[in-house]
Every structure is written in structure tokens, then in C-alpha cells.
Protein chains: 2
Amino acid sequence: MYSVHETTASILQALKEAGYKFTGKRRAVVDLFVENRDRYFSAKEVYDHVSQIYPSVSFDTIYRTLGILVEQNVIEPMEFADDRARYRLQCARGHHHHLVCLRCGASIPIEECPIDRIRQQVPNFHIEDHRLEIYGYCDRCAGGADN
Amino acid sequence: MYSVHETTASILQALKEAGYKFTGKRRAVVDLFVENRDRYFSAKEVYDHVSQIYPSVSFDTIYRTLGILVEQNVIEPMEFADDRARYRLQCARGHHHHLVCLRCGASIPIEECPIDRIRQQVPNFHIEDHRLEIYGYCDRCAGGADN
DNA sequence: ACCCAAATCGGAATCGTTCTGATTTGAGAG
DNA sequence: CTCTCAAATCAGAACGATTCCGATTTGGGT
């Protein structure tokens with residue numbers, strides 16, 4: 001069910017099986033995510049990318065496509081602090097969190113998740129969901145060599 | 001500097017010292033937070049409260065006041081998943097996170113914070129900030145008895 | 001080649017938030 | 001107590017991200 005897609009083709013295949021049609025615009029959106037595996041993109045950034053190929057594309061199409069991709073577990077959304085939703089190709093592994101570079105947008109998965117520990121500590125609270133986001137600068141962006 | 005305010009009076013005093021004027025509308029906003037210490041309120045909810053007392057209050061005033069209170073460390077903002085900013089009286093204790101009830105908006109502080117552990121695991125990533133938010137339902141809202 | 005639901009378009013609508021220009025008001029100085 | 005002026009406020013327009021709508025186009029099965 002939650003197969004992780006490695007190529008644009010396998011993703012488009014999955015969409016087809018889910019009853020969605022194949023279109024050039026959808027391919028353009030999927031391509032962007034596949035070719036930038038660890039990057040988050042805002043809807044605007046996706047729009048800019050697609051409109052280079054299809055100048056007449058509308059935001060409606062972008063948002064609709066993003067919605068489908070989220071629904072199909074191809075990409076995952078995240079709310080950045082700047083209140084624009086961003087999306088990124090779904091990671092291979094199960095539940096985990098990320099270090100997000102504030103400069104280049106790279107996301108680096110980490111193992112640590114505190115939710116089990118917390119769940120034990122507060123048996124009376126019915127936890128439904130949680131978000132852990134860690135912001136900073138990756139080694140490359142932190143200022144050249146070491147910093 | 002980061003004194004924690006226990007009363008409306010001490011907050012208004014702090015605002016005065018920061019060069020802000022005292023107005024009834026500001027008092028109404030501060031009152032709401034002080035009288036509901038562990039609750040998050042959206043700008044709309046604050047507006048609704050203030051407009052009961054001052055029917056002509058505008059959103060501009062609400063947002064301006066919220067901005068000042070955040071700047072003065074009287075309240076702290078949080079972005080809920082429903083993409084409306086919410087605010088709550090600044091907590092007394094140092095850094096910590098909360099369980100947030102999706103129904104009533106109550107926020108329950110917890111001790112657990114995974115950031116030190118994570119910092120050790122990724123020495124090459126320069127962590128600047130992080131957010132951990134846990135959503136669910138408090139005992140009271142979880143559906144009466146148990147659910 | 002034909003058909004129809006799905007996809008797309010462009011533009012309007014919505015929602016939370018911010019800005020603008022004109023008017024009012026808190027509070028210090030006289 | 002009045003004068004004064006920057007700060008505060010107001011009403012409404014503007015804004016940016018996202019969604020909706022009616023009309024048109026198109027992928028892909030028959």
C-alpha cells in the first residue's frame with residue numbers, strides 16, 4: 001500500500017492504478033519532486049517550475065495535483081513557520097522526523113522520536129498526532145567549511 | 001527581562017514601561033489571556049471577546065495588540081495545523097512543549113524535550129530552533145468517560 | 001473515430017492577516 | 001485643566017495563499 005516510489009514512472013503508474021489520468025503537467029510536478037528527493041517545495045515553487053514548461057498552467061491545477069499526490073502518499077506536506085505549505089517526496093522509511101535546512105530547504109531524516117516516551121508520561125491525554133520539526137543549517141550551508 | 005506576568009496589572013505596567021499606552025481594548029485583550037492561562041486563542045477569538053465590550057473594535061487593533069504582546073514576551077504564538085495563528089499567555093517555566101487539545105484549546109505543559117538527544121546524534125547539523133507539538137484530546141474532551 | 005468523465009483554465013471568491021489615510025485619544029508639559 | 005502630538009484606533013481596501021466555479025479541453029477506453 002505505502003510503496004515508496006523511486007522513479008517518476010512508478011509514481012505515474014500508481015496514479016493510473018488509482019484512476020487518475022496521465023498528463024504532462026502531472027509529470028512535470030512529479031519530476032520536480034523525484035529529481036529533488038530531499039527538498040521541500042512550496043506550491044508557488046512547483047507552479048514556477050511547471051509554468052516554465054506549460055506557461056498557461058493554473059494554480060488550481062497545481063493544488064489539485066499536490067492534493068492527489070498527498071492523498072496517494074507520494075509526497076508529504078509540512079507547514080513551515082512562514083505559513084506556506086511545502087511538500088516533499090514521501091520518505092522510504094516509516095514514521096520519522098527531519099532536520100530542515102533554513103537556507104537550502106534540504107531535509108535530513110532522523111531516527112529520534114519522543115512520542116512513545118511522552119505517551120507513557122501522560123496516559124490521560126489522548127494523543128492523535130504530533131509534529132517535530134528541527135530547523136537549522138546543514139553543514140554545507142552553515143558557512144563553508146566548519147563554522 | 002523575561003519576567004513572567006501573573007496579573008493584568010503587571011502586564012500593563014510592563015507595556016507602559018516599554019512606551020505603550022494603556023487603553024481599554026488592550027486591557028480587554030490581556031484580561032482574556034490572564035483569565036485563561038492555559039488556553040490558546042486565535043485572533044478571531046480575541047476579536048470576538050473584545051468586541052463584546054467594544055463593539056467597534058477592528059481587527060487591525062487586535063493584531064497590533066497581539067504583535068506588541070508577543071514582542072514583549074507576554075504571550076507566545078503557535079501555528080496550529082488549521083493554519084490560523086493562536087496565542088497563549090507566556091508560560092512561567094523555561095523551555096518546554098505542550099499537549100494541545102484539539103477541541104477546547106487547552107495546553108498542558110510537558111517536560112520531555114528530545115532536542116539534546118538529537119543534537120548529539122547530528123553533530124554536523126547546526127540546530128537553530130525546533131518545534132514539538134502534540135495534538136489530541138484532553139481527558140474531558142475525549143468523550144466523557146473513557147473513549 | 002467517438003465519447004465522457006477527468007483535467008484544465010482563467011478568473012472570481014474566500015480567509016486570515018496587513019496596510020492606508022483619516023480621525024480620536026492617552027498622557028506628559030505648561 | 002487645557003494644549004499638543006505621537007500613539008492608537010477605525011473602516012475599509014489590499015494582500016497572499018488557497019479554493020471554488022462554469023466553461024472548455026483532453027486522455028484513454030470502446
Side-chain angles (χ1 to χ4, degrees), chain A residues 8-9 11-31 40-72 74-75 77-87 105, chain B residues 8-9 11-31 40-72 74-75 77-87 105:
Chain A
T8 300
I11 291 168
L12 293 174
Q13 175 62 22
L15 291 187
K16 190 173 194 173
E17 280 164 16
Y20 294 107
K21 292 180 179 171
F22 167 79
T23 70
K25 282 149 197 158
R26 274 178 192 165
R27 177 210 283 280
V29 172
V30 171
D31 273 346
Y40 277 102
F41 294 97
S42 67
K44 177 75 165 49
E45 290 170 326
V46 176
Y47 172 85
D48 288 343
H49 170 77
V50 175
S51 66
Q52 287 182 351
I53 310 170
Y54 300 95
S56 73
V57 72
S58 73
F59 268 100
D60 184 70
T61 297
I62 299 299
Y63 281 108
R64 191 161 14 77
T65 301
L66 290 173
I68 290 169
L69 293 176
V70 169
E71 173 199 302
Q72 295 298 312
V74 172
I75 60 177
M78 182 178 114
E79 317 260 344
F80 267 54
D82 70 355
D83 84 60
R84 253 179 282 151
R86 299 187 181 231
Y87 307 83
Chain B
T8 301
I11 292 168
L12 293 173
Q13 174 62 23
L15 292 186
K16 190 172 191 173
E17 280 164 15
Y20 294 107
K21 290 181 181 170
F22 166 79
T23 70
K25 281 149 198 159
R26 273 178 193 165
R27 176 210 284 280
V29 173
V30 171
D31 272 345
Y40 277 102
F41 294 96
S42 67
K44 176 76 165 49
E45 290 169 326
V46 175
Y47 172 84
D48 288 342
H49 169 79
V50 176
S51 65
Q52 286 181 352
I53 311 172
Y54 300 95
S56 73
V57 72
S58 73
F59 269 101
D60 183 72
T61 298
I62 300 300
Y63 281 108
R64 192 161 12 78
T65 301
L66 290 173
I68 291 169
L69 293 176
V70 169
E71 173 200 301
Q72 296 297 313
V74 171
I75 61 177
M78 184 178 113
E79 319 259 343
F80 267 53
D82 69 354
D83 83 60
R84 251 180 282 151
R86 299 187 181 230
Y87 307 84

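Naming: A, B, ... by sequence-line order, numbering from 1 per chain.
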Side chains of A:Phe41 and A:His49: closer than 4.5 Å at any heavy-atom pair? no
d(A:Leu66 CG, A:Ser42 OG) to nearest 0.5 Å is 9.5 Å
Report the distance from atom CG of B:Asp60 to atom OH of B:Tyr47, rounding to the nearest 0.5 Å. 12.0 Å
How many Å lie between CD on A:Glu71 and C1' on C:dA7, as a whole number? 15 Å
Could you write nucleotides 20-30 of chain C as a row of B, S and -, 5' to 3', where a protein heavy atom under 4.0 Å of any base atom gives B, of only sugar-phosphate atoms gives S, and otherwise -? B-----BS---
Minimum-distance pair of heavy atoms, taken over all atoms of B:Tyr20 and B:Glu71: OH-OE2, 2.8 Å
Could you state the CD-C1' distance from A:Glu17 to C:dA6, rounded to the nearest angstrom? 18 Å
If you compare every side-chain N and O of B:Arg26 against the phosphate oxygens of D:dA8 (OP1, OP2), does one of them come in below 4.0 Å? yes
Evaluate the criterion side-chain contact (heavy atoms from CB on, under 4.5 Å) for residue pair B:Leu69 and B:Leu15; output intermediate values, then yes/no. CA-CA 8 Å; B:Leu69 293 176; B:Leu15 292 186; 4.0 Å; yes
Which value, rounded to the nearest 0.5 Å, describes the distance between B:Tyr87 atom OH and B:Ile62 atom CD1? 11.0 Å
note: A:Ile68, atom CD1; D:dT18, atom P; distance rounded to Å ~ 17 Å
Taking only side-chain nitrogens and oxygens of A:Thr61, does any of them come within less than 4.0 Å of OP1 or OP2 of C:dC9? yes
Write down the distance between CZ (A:Phe59) and P (C:dC15), rounded to a whole number of angstrom. 20 Å
If I take atom CZ in residue B:Arg86 and atom P in nucleotide C:dG16, what distance separates them, rounded to the nearest angstrom? 10 Å
Using whole Å, report how far CG of A:Leu66 lies from C1' of D:dA17. 13 Å
If only side-chain N and O atoms of A:Arg64 are considered, is one of them under 4.0 Å from the OP1 or OP2 phosphate oxygen of C:dT8? yes
Tell me the bend of the helix from C:dA1-D:dT30 to C:dG30-D:dC1 as the angle between end helix axes, each from five pairs, rounded to the nearest 10 degrees. 20°
Please list, in numerical order, the residues of residues 46-56 of chain A that have a heavy atom closer than 4.0 Å to any atom of DNA chain C. A:Ser56
Correct closest heavy-atom pair for A:Tyr54 and A:Ala28 would be CE1-CB, 4.4 Å
side-chain contact (heavy atoms from CB on, under 4.5 Å) with B:Arg26: of B:Val50, B:Ile68, B:Thr61, B:Asp31, only one passes, and it is B:Ile68
Minimum-distance pair of heavy atoms, taken over all atoms of A:Phe59 and A:Ala43: CE2-O, 4.3 Å
Indicate yes or no for a side-chain donor-acceptor contact from A:Glu17 to the backbone of A:Ala14 under 3.5 Å, with no hydrogens or angles considered. no
Whole-Å distance, A:Ile62 CD1 to C:dG10 C1', equals 14 Å
The nucleotide from D:dT9, C:dC9, C:dT17 with an atom nearest the side chain of B:Tyr63 is C:dT17
Step through the shown structure and confirm whether more than 12 heavy atoms of other residues, nucleotides or ligands are within 6.0 Å of CZ on A:Arg27. no
Drop me the distance from A:Ser51's OG to A:Lys44's NZ, to the nearest 0.5 angstrom. 8.0 Å
Using whole Å, what does the distance between atom P of nucleotide D:dG27 and atom NZ of A:Lys25 come to? 9 Å
